[in-house]
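Reviewing the structure listed below.
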Amino acid sequence: MQFYLDEPTARTSWRLAILTGVNTRTYKFALGSALLEVGQTGREVVPLRELASRYAAHLVNRAEPTHQAPPGTVGERDFLAILGQERNASIASGEPTDRLVDAAVRSIPTMVMQKFHNLRVTGAVAHTFYALSGDGTNRSVRLSPELRNIATDPGVLADELAARWAIVEASFAASIGRGLVQGGVDIDGELSTLVTPVRRVAVTSIRGAIAGFQHGRCFYCGQPMEDLSTEVQVDHVFPFIWMNTGSWRGPNLNHVWNLVLACAPCNLAKSDRRPTTAEVERLVRRNDVIASSPHPLRRTIEITMDATGARAAQHRRRFMLDVVNHVSDRR
Ligand SMILES: [Zn+2]
């Protein structure tokens with residue numbers, strides 16, 4: 001993975017753990033936040049209960065417990081169910097309730113601590129940040145020098161973690177997580193709704209998620225997008241109108257692979273013109289980022305482009321070249 005080879009440091013391992021891998025819950029973001037906190041204290045060992053309490057506190061502070069998992073996946077014995085029950089009392093007292101911390105102590109060793117260092121595609125990261133020791137109620141967490149080192153100056157890492165958490169949360173909140181994982185999504189002709197096998201939700205709700213894959217910038221001019229609700233528009237890089245000509249035999253242009261966010265002036269100026277070579281290349285790279293992320297949009301990209309497995313990046317590039325050729329053929 002190039003991202004890692006460029007800079008094989010503990011910070012890169014941390015980024016891989018946070019930015020890649022599978023998200024069926026947002027737990028690793030809560031664990032990461034708690035680790036950065038305890039790492040800053042300089043201590044080598046902390047009680048598991050303290051880490052669990054900080055972990056629970058970060059989850060309590062999210063706006064919606066139900067947005068921490070794909071809809072319909074939280075059972076009544078789930079930690080998130082207990083979080084929902086204990087959240088108000090925890091906020092009122094300024095710290096997680098004992099019942100919530102108890103549940104966290106029970107669940108985090110297997111639910112999240114075992115998984116944090118292990119990535120789906122590349123295996124374990126090269127640096128570890130903690131190790132569990134002891135058993136029963138006396139379990140403790142030994143913090144590695146690497147963790148204590150990166151935690152002394154967590155600035156950018158903390159920001160990245162917060163952004164990733166918000167993106168994954170937004171996708172769960174938009175109710176697209178579960179449907180996307182299985183079947184991908186469609187977006188209707190007016191761009192007013194996102195159609196999933198499960199339900200329909202407003203397309204604006206995925207703007208925040210898409211924005212994250214464009215570094216929060218307009219796809220065309222690169223200006224930072226500050227207000228996603230009004231200034232920013234959804235744009236089809238290959239014009240959607242081409243599909244209405246009756247002669248279009250290419251892939252569905254109304255799919256995530258072809259949708260970007262653009263500022264209003266750029267969207268207006270772009271209109272129905274054909275994308276430049278540079279824009280096509282940028283779209284390939286943007287889709288590569290989505291495809292390498294834990295965000296559920298990845299599955300949509302994979303399904304549309306029929307690109308899973310080791311050669312997926314080449315498939316995505318060929319898919320795009322086929323579209324370009326198709327466009328050339330018909331002009
Ligand atoms: Zn722009």
Side-chain angles (χ1 to χ4, degrees), residues 3 19 156 159-160 162-171 173-174 176 180 185-194 201-245 248 250-293 295-298 300-301 304-305 313 316-317 319-324 326-328 331:
F3 182 55
L19 299 181
V156 178
D159 288 347
E160 286 177 5
R164 292 303 305 176
W165 196 341
I167 286 172
V168 173
E169 203 173 44
S171 75
I176 60 178
L180 269 169
V185 292
D186 283 319
I187 292 169
D188 76 358
E190 290 80 41
L191 281 184
S192 58
T193 51
L194 185 86
V201 295
V203 72
T204 48
S205 59
I206 65 163
R207 287 187 176 196
I210 296 288
F213 295 114
Q214 298 178 199
H215 303 285
R217 294 173 180 277
C218 168
F219 182 80
Y220 295 103
C221 71
Q223 271 199 58
M225 301 183 290
E226 272 151 27
D227 183 354
L228 287 179
S229 61
T230 56
E231 296 286 304
V232 174
Q233 300 174 353
V234 177
D235 183 72
H236 297 74
V237 177
F238 292 94
F240 177 56
I241 198 168
W242 291 355
M243 275 180 62
N244 295 338
T245 59
W248 181 256
N252 190 341
L253 298 177
N254 208 18
H255 255 275
V256 172
W257 72 270
N258 190 41
L259 294 172
V260 298
L261 293 176
C263 68
C266 282
N267 191 43
L268 191 66
K270 165 83 168 42
S271 186
D272 292 334
R273 79 164 162 78
R274 175 185 176 152
T276 66
T277 305
E279 286 162 357
V280 171
E281 185 59 31
R282 199 178 309 147
L283 185 62
V284 169
R285 289 201 305 273
R286 196 285 309 258
N287 287 340
D288 282 348
V289 178
I290 292 180
S292 68
S293 79
H295 192 279
L297 287 176
R298 176 181 64 198
T300 293
I301 293 278
T304 312
M305 299 185 160
R316 285 193 296 275
R317 186 165 289 277
F319 174 95
M320 203 71 81
L321 288 176
D322 286 347
V323 178
V324 171
H326 184 73
V327 170
S328 306
R331 302 262 149 164

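Start at 1 and go down the list; that is how both ligands and their atoms are numbered.
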> Taking atom CD of Q233 and atom CG of L261, what is their separation to the nearest 0.5 Å?
Replying inline: 10.0 Å
> Using 30° and 60° as the class limits, which term best fits the ring planes of W257 and F238: parallel, tilted or perpendicular?
Replying inline: tilted
>> Using a strict cut-off of 2.8 Å, how many protein N/O/S atoms surround the Zn ion (ligand 1)?
In response: 4
> Between R286 and E279, is there a side-chain N and carboxylate O pair less than 4.0 Å apart?
Replying inline: no
> Can you tell me how far CE of M320 sits from CG of N258, rounded to the nearest 0.5 angstrom?
Replying inline: 7.5 Å
> Do H326 and W248 have ring centroids that are under 6.0 Å from one another?
Replying inline: yes
>> Does either side chain, that of N267 or that of Y220, offer a donor lying less than 3.5 Å from an acceptor on the other one?
In response: no
